[in-house]
Amino acid sequence: HITRLGRSFARSREFDAMGPQTRFVQCPEGELQKRKEVVHTVTLHEIDVINSRQQGFLALFAGDTGEIKSEVREQIDLKVAEWREENKADIVPGVLFIDEVHMLDIECFSFLNRALESDMAPVLIMASNRGISRIRGTNYRSAHGIPLDMLDRLLIIPTEPYSSRMSARSS
């Protein structure tokens, strides 16, 4: 926000016409300082990729993410916790979309159940086109091949294909 205070004493001779209400002020001295806040949005996965490879930042463009060592994982977790305490970083839960969820086995569902209990759990969206099918890794059958304890936690939104009349109306 800029407010005009008046005309500068240093340039007062450059003005021909001045009214009685013309006000002259001293020019500010010293170095101009400008503050700019820079915000980078980085995912935890990107931090992992950067720290897991020898080439550092360029690893984002290499495509091969590699394995993340436990020492590196601990260092990253400590650094992120430090940034959160200093208000330099916010952790925002993301969205995890799993298509063909009936292809997951019982161990995957067990992992997802534990992950969803975390305070930083992502929004989980699962899609399947199966009805009652076998839960992989077991002999049990369930809706969409999803274990019952996971089904109890889900909001199921059935979808239907567009009719030809609905398709014609949208064009």
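Atoms considered below: every heavy atom in the structure, side chains included; atoms not considered: hydrogens, waters and symmetry mates.
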> Sequence neighbours left out, cut at 3.5 Å: what donor-acceptor pairs do the side chains of residues 107-117 make with other protein atoms?
{"unit_1": "S110", "atom_1": "OG", "unit_2": "R114", "atom_2": "NH1", "d": "3.2"}
{"unit_1": "N113", "atom_1": "OD1", "unit_2": "R153", "atom_2": "NH1", "d": "2.8"}
{"unit_1": "N113", "atom_1": "ND2", "unit_2": "D149", "atom_2": "OD2", "d": "3.0"}

> Carefully, step by step, assess D152 and M150 under the rule side chain to side chain contact (heavy atoms under 4.5 Å, CB included).
CA-CA 5 Å; D152 289 341; M150 177 71 95; over 6 Å; no
> Taking all non-hydrogen atoms of both residues, which atom of P93 and which atom of A121 are closest, and how far apart?
CB-O, 3.4 Å
> Who are the side chain to side chain contact (heavy atoms under 4.5 Å, CB included) partners of V95, not counting sequence neighbours?
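V123, I125.
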> More than 12 foreign heavy atoms under 6.0 Å from CZ of F97: is that the case here?
yes
> Under a 3.5 Å distance rule, please check whether H144 uses its side chain to pair with a backbone N or O of R130 as donor and acceptor.
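Yes, because the side chain of H144 sits within donor-acceptor range (under 3.5 Å) of the backbone of R130.
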> To the nearest 0.5 angstrom, please state how far the CG atom of D77 sits from the CD atom of E82.
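One gets 12.5 Å once the value is rounded to the nearest 0.5 Å.
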> Run the side chain to side chain contact (heavy atoms under 4.5 Å, CB included) test against L151 and tell me which residues pass, sequence neighbours left out.
S142, A143, I146, L148, L154, I156
> Taking all heavy atoms of R136 and all of M103, pick out the closest pair and write down the distance.
CD-O, 3.1 Å
> Using side chain to side chain contact (heavy atoms under 4.5 Å, CB included) as the criterion, list what pairs up with S118, not counting sequence neighbours.
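Counting only residues at least two positions away or on another chain, S118 forms a side chain to side chain contact (heavy atoms under 4.5 Å, CB included) with M120.
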> What pairs of residues pass the side chain to side chain donor-acceptor pair (under 3.5 Å) test when at least one of them lies in residues 87-100, not counting sequence neighbours?
E86-K88, E100-H102
> What residues, two or more places apart in sequence or in another chain, satisfy side chain to side chain contact (heavy atoms under 4.5 Å, CB included) together with T41?
none
